[in-house]
Participant: 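Dropping the structure in here first, questions after.
Worth saying up front: this structure is predicted, and the values here are computed from it rather than measured.
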Amino acid sequence: MLENGWLAIGMPIDNDGKVVFQLFSMSVDESIEFIESEWDKLSGSPMLGDICWFRATPKGKQLAVELGLLD
């Protein structure tokens, strides 16, 4: 999904009281390595927001619409 440009990886951050999604500036391979490395540091399964968040890109949202997953 990352390789096809359907998802973006990042984290929500506080920007002067407004939550914004900050993209990670990594390649797909670097993103996967980052996730694996951070996961290995955890004592169990990750909880929501422990490592990263994924967000659908416009291309990913369009695919979801085409597949009937979104209106």
Participant: Quick check on the hydrophobic clustering: are Ile35 and Met47 connected, directly or via other members, by side-chain heavy-atom contacts under 4.5 Å?
Facilitator: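 In one cluster: no.
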Participant: Any chance you could measure Phe54, atom CZ, to Ser31, atom OG, to the nearest 0.5 Å?
Facilitator: 8.0 Å
Participant: Nearest 0.5 Å, please: how far is CD1 in Ile51 from CE in Met11?
Facilitator: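 Result: 9.5 Å between the selected atoms.
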Participant: Going by heavy atoms in the side chains, are Leu48 and Trp53 under 4.5 Å from each other?
Facilitator: yes
Participant: Is Asp14 reaching over with its side chain to a backbone N or O of Asp16, donor-acceptor style, under 3.5 angstrom?
Facilitator: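 Yes: the side chain of Asp14 pairs with the backbone of Asp16.
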Participant: Can you tell me how far apart CD (Glu30) and CD1 (Ile9) are? Round to the nearest 0.5 Å.
Facilitator: 11.0 Å
Participant: Identify the two heavy atoms, one from Val28 and one from Glu3, that lie closest to each other, and give their separation to 0.1 Å.
Facilitator: CG1-CG, 3.6 Å
Participant: Closest approach of Gly44 and Trp39, non-hydrogen atoms and distance?
Facilitator: O-NE1, 4.2 Å
Participant: Work out which heavy atom in Phe21 is nearest to a heavy atom in Ala8; give both atom names and the distance.
Facilitator: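 Here Phe21 and Ala8 meet closest at CZ-O, 4.1 Å.
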Participant: With a 4.5 Å cut-off on side-chain heavy-atom distances among I, L, V, M, F, W and Y, is there a chain of contacts connecting Leu67 to Trp6?
Facilitator: yes
Participant: Going through the distances and angles, do Lys41 and Ser37 end up as a side-chain contact (heavy atoms from CB on, under 4.5 Å)?
Facilitator: CA-CA 7 Å; Lys41 293 175 189 175; Ser37 172; 3.8 Å; yes
Participant: Does any non-hydrogen side-chain atom of Val20 lie less than 4.5 Å from one of Pro12?
Facilitator: no
Participant: Let me confirm one number: the CZ-CG distance from Arg55 to Leu7, rounded to the nearest 0.5 Å.
Facilitator: 10.5 Å
Participant: Enter the distance from Leu2:CG to Asp29:CG here, rounded to the nearest 0.5 Å.
Facilitator: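 If I round to the nearest 0.5 Å, the distance is 10.0 Å.
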Participant: Taking Gly5's backbone N and O only, do any of them form a donor-acceptor pair with Thr57's side chain (distance below 3.5 Å, no angle check)?
Facilitator: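 It does hold such a pair.
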Participant: Counting only heavy atoms not in Gln22 (residues, nucleotides, ligands), do more than 12 fall under 6.0 Å from its CD?
Facilitator: no
